[in-house]
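A quick write-up on the structure given underneath.
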Amino acid sequence: MKFQAIKGVRDILPPESAMWNRVEQTAREVFASYGYGEIRLPIFEQTELFARSVGLDTDIVQKEMYTFEDRPATLPEPRAYGALGDYLVAIDRAFETGEIPKTERNRKAIQTFRQKFGQFAAESQKLPRGFAQGQPELKDYFALLFEAIYFAQDVQLGDFVSLRPEATASVCRAYIEHGMHTFPGNVKLYYIGPMFRRERPQKGRYRQFYQIGAEVLGQSDAPAIDAEVIEMLMAFFERVGLEGGQKSEIRSQKSEAGSSTSDLRPPTSGVTLYINSIGCKECRPKYVEKLRAALIEHINELKADSQRRVETNPLRVLDSKLPDEQAVIEKLPRITDHLCEACRAHYAEVKKQLELRGVVFLENWRLVRGLDYYMRTTFEITAPGLGAQNAVCGGGRYDGLVELLGGPPTRGIGFAIGTDRLILSLQEREKEKEGGQAEEQGAHTGAPRPLDVFVAWMGAAAQPAAVKIARTLRGAGFSVEVPAEEMKFKKSIGLADKLGARYALIIGENELKEGKFALKRLSDGHQDAFSEADLLAHLKSST
RNA sequence: GUGAGCGUAGCUCAGCCGGUAGAGCAUCGGUCUGUGGAACCGAGGGUCGUGGGUUCAAAUCCCAUCGCUCACCCCA
């Protein structure tokens, strides 16, 4: 096996891809019913865009993005040492024409490159014919060559671009670029597509993964917007077959656990919605300091990872799953008790609006978002059957992000659904339901595509008739398979069955003679003869 | 980046304390030249992930390496 897919990426084959289409189609329909339009975004952007929105010092930007230099196509490879002279000429010219950035750094690098290369060229003239190992001149000769190469590589040939790790930044960029703040009302957009992260893959976490997301951008931060976004999200999960937990189920858990969320058990089936408010620029920093102080008090009860996070990102300690730390975490101050008046009111109204909409939710004070741009409302949805990565959707409010990216003051809220995980959860659920026997066949036979009619023709004379009727049937909207080569009749019917066709249309000498088609229903073997017109009518009525 | 587990046919796997590679499913052909799912018979398909070592002999033992998987870190 010579070629294989790159680590962390995968193919999605026919029986499964149908499920993907169904899920994505459901999203389109549900989102459209809430007034969202689709935005199709580029798959890569300037690295700077993600760096700014997500934060320069985050892991995401530091090591988890696919980033590369977008150098002009006309430049030769700098690695061809033999052609270093040609390369110098090419770079010189590209710098002059502005094809590569006219930065001070580049000017210097090129200048030094030229100088070192000149020395190298002069030195190489002095070399005796025929190299000999160990000649002292060779050392200097190579040293100059390597210096030249070093400075050649120091030239920044183009902008840095990155495969998108998420789409919110792109949406905001597009919002600004197209002046969408002048659009009437709130701008409601959804997107569907792949994202990229350069991490070790694990269950439900791939290097190319898929998201379905939506964003609302505009002047208003009304709690009803947050609530409607979440309502839509839950409507989507319900339509797709992973309805939220039952109200009674959640209530009983709530009373068991009191106001604490650490003991919460997700409902036995379907998805669970968790919400929280993480405050704003005013109240969150104050809370973080309180939290840090509390953590320092208990520093000895924490493990190494959490101890480190006390410094780097105290909020993350709340995410810890280590059993030993749970008792400490329980006693920590909770952000919902430390919100400023505006945030408290906002959060209360969001909850009220959710109840108004019949959305079942659990409050989780430990639900924090890793990125600075989030504020106030945050939410997350988990699903069963996923392993360690059990969140299928995350989202929150990010007022200020658009402004940070150079746009007008703008409020925003959005979410992203992890399609890979959603599908995984749906598959788990299916397995449970069917006991895992039904799909075995599909997995082996490859792609059972929905096939209405298999045209079993025999004899060269029947082939044209087969082609013709297939075209007619396809035109009428049926899916039709016609063997490209003549087959033994028995094989033909057998293949029709294996492909999962609903009907076999039989065309042989007899049928040609009578000008009719024999239509055989594969499910029970029932067979009838039809003229072309009757055939169409019959097929249409029986679908 | 860190840790653990696993690499044998297209898929799922067996192969004991070393003796020269197997099953089921799938595929293809036949029994069966105008009627499928079944049955029976047969065929193709494997440098046992790769490289090295030990040995008369390695899928099996040892080392290295690559790959996959799960988890940690991180989480968009």
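Just so we're clear, the structure is a prediction, and the values are computed from it rather than from any experiment. All chains are named by letter (A, B, ...) in the order of the sequence lines, taking the proteins before the strands, and each is independently numbered beginning at 1.
- A:R197 comes within 4.0 angstrom of a base, heavy atoms only.
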Would you list the atom pairs, donor with acceptor, under 3.5 Å between side chains in residues 412-422 of chain A and any protein atom, with sequence neighbours excluded?
| from | atom 1 | to | atom 2 | distance (Å) |
| --- | --- | --- | --- | --- |
| A:T419 | OG1 | A:Y210 | O | 3.2 |
| A:D420 | OD1 | A:Y210 | N | 2.7 |
| A:D420 | OD2 | A:R10 | NH2 | 2.7 |
| A:R421 | NE | A:G204 | O | 2.7 |
| A:R421 | NH1 | A:A391 | O | 2.8 |

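- Near RNA chain B, defined here as any heavy-atom distance below 4.0 Å, the residues from residues 198-210 of chain A are A:E199, A:R200, A:Q202, A:K203, A:R205, listed numerically.
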Which atom pairs, one a donor and one an acceptor, fall under 3.5 Å between side chains of residues 530-537 of chain A and the rest of the protein, sequence neighbours left out?
| from | atom 1 | to | atom 2 | distance (Å) |
| --- | --- | --- | --- | --- |
| A:S531 | OG | A:D534 | N | 3.3 |
| A:S531 | OG | A:D534 | OD2 | 3.3 |

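- Side-chain atoms of A:S320 never come within 3.5 Å of backbone atoms of A:V317 as a donor-acceptor pair (strictly under, hydrogens ignored).
- At distances below 3.5 Å, at least one donor-acceptor pair connects side-chain atoms of A:S479 with backbone N or O atoms of A:D452.
- No side-chain donor-acceptor contact under 3.5 Å links A:Y36 to the backbone of A:Y191.
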Please produce a list of atom pairs where a protein N or O lies less than 3.5 Å from an N or O of nucleotides 39-43 of chain B.
none

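- Proximity of a side-chain donor or acceptor of A:T378 to a complementary backbone N or O of A:Y374 within less than 3.5 Å is not detected.
- Applying the side-chain hydrogen bond (donor to acceptor under 3.5 Å, both in side chains) criterion to A:E177, with sequence neighbours excluded, gives A:R173.
- Among pairs with a residue in residues 482-497 of chain A, none fulfils side chain to side chain donor-acceptor pair (under 3.5 Å), at least two apart in sequence or across chains.
- How far CG of A:L295 is from CD of A:E311: 10.0 Å, rounded to the nearest 0.5 Å.
- By the salt bridge (charged side-chain N to carboxylate O under 4.0 Å, His left out) test, A:R205 is found to be paired with A:E199, residues two or more places apart in sequence or in another chain being considered.
- For RNA chain B, the stems formed by at least three consecutive Watson-Crick or G-U pairs, with both atom-pair distances below 3.5 Å, span B:1-7 with B:66-72, B:10-13 with B:22-25, B:27-31 with B:39-43, B:49-53 with B:61-65.
- The aromatic rings of A:F236 and A:F31 sit tilted relative to each other, their planes meeting at an angle between 30° and 60°.
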Per-pair distances, 0.1 Å, donor-acceptor, side chain in residues 504-513 of chain A, under 3.5 Å, sequence neighbours excluded:
| from | atom 1 | to | atom 2 | distance (Å) |
| --- | --- | --- | --- | --- |
| A:E511 | OE1 | A:G508 | N | 2.9 |

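- Identified under the side chain to side chain donor-acceptor pair (under 3.5 Å) test for residues 394-410 of chain A, with sequence neighbours left out: A:E215-A:Y398, A:D226-A:R397, A:R397-A:D399.
- Across all strands shown, A:R309 has heavy atoms under 4.0 Å from sugar-phosphate atoms exclusively, and none from any base.
- The nearest whole Å value for the distance from the CD atom in A:E64 to the P atom in B:rC74 is 10 Å.
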Hey, what are the protein-to-nucleotides 29-35 of chain B N/O distances that come in under 3.5 Å?
| from | atom 1 | to | atom 2 | distance (Å) |
| --- | --- | --- | --- | --- |
| B:rG30 | OP1 | A:K488 | NZ | 2.4 |
| B:rG34 | O6 | A:E509 | N | 3.0 |
| B:rG34 | O6 | A:N510 | N | 2.8 |
| B:rG34 | O6 | A:N510 | OD1 | 3.4 |
| B:rG34 | O6 | A:N510 | ND2 | 3.2 |
| B:rG34 | N1 | A:N510 | ND2 | 3.3 |
| B:rG34 | N1 | A:E511 | OE1 | 2.9 |
| B:rG34 | N1 | A:E511 | OE2 | 3.3 |
| B:rG34 | N2 | A:E511 | OE2 | 2.7 |
| B:rU35 | O2 | A:K520 | NZ | 3.0 |
| B:rU35 | O2 | A:Q527 | OE1 | 3.3 |
| B:rU35 | N3 | A:Q527 | OE1 | 2.8 |
| B:rU35 | N3 | A:Q527 | NE2 | 3.3 |
| B:rU35 | O4 | A:Q527 | NE2 | 2.9 |

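- Where A:I6 and A:T312 meet RNA chain B, the nucleotide closest to each residue was compared, and A:I6 sits on the side nearer the 5' end.
- Where A:L522 and A:A5 meet RNA chain B, the nucleotide closest to each residue was compared, and A:L522 sits on the side nearer the 5' end.
- A:Y66 and A:F196 have perpendicular rings, their planes meeting at more than 60° on a 0 to 90° scale where under 30° would count as parallel.
- Using a 4.0 Å cut-off on heavy atoms, none of the residues of residues 391-411 of chain A approach RNA chain B.
- Checked by distance alone, A:Q211 brings no side-chain donor or acceptor within 3.5 Å of a matching partner on the base of B:rA76.
- No donor-acceptor pair under 3.5 Å is formed between the side chain of A:N364 and the backbone N or O of A:I275.
- Residue A:A388 is classed as a sugar-phosphate contact, given heavy-atom separations below 4.0 Å to backbone atoms only.
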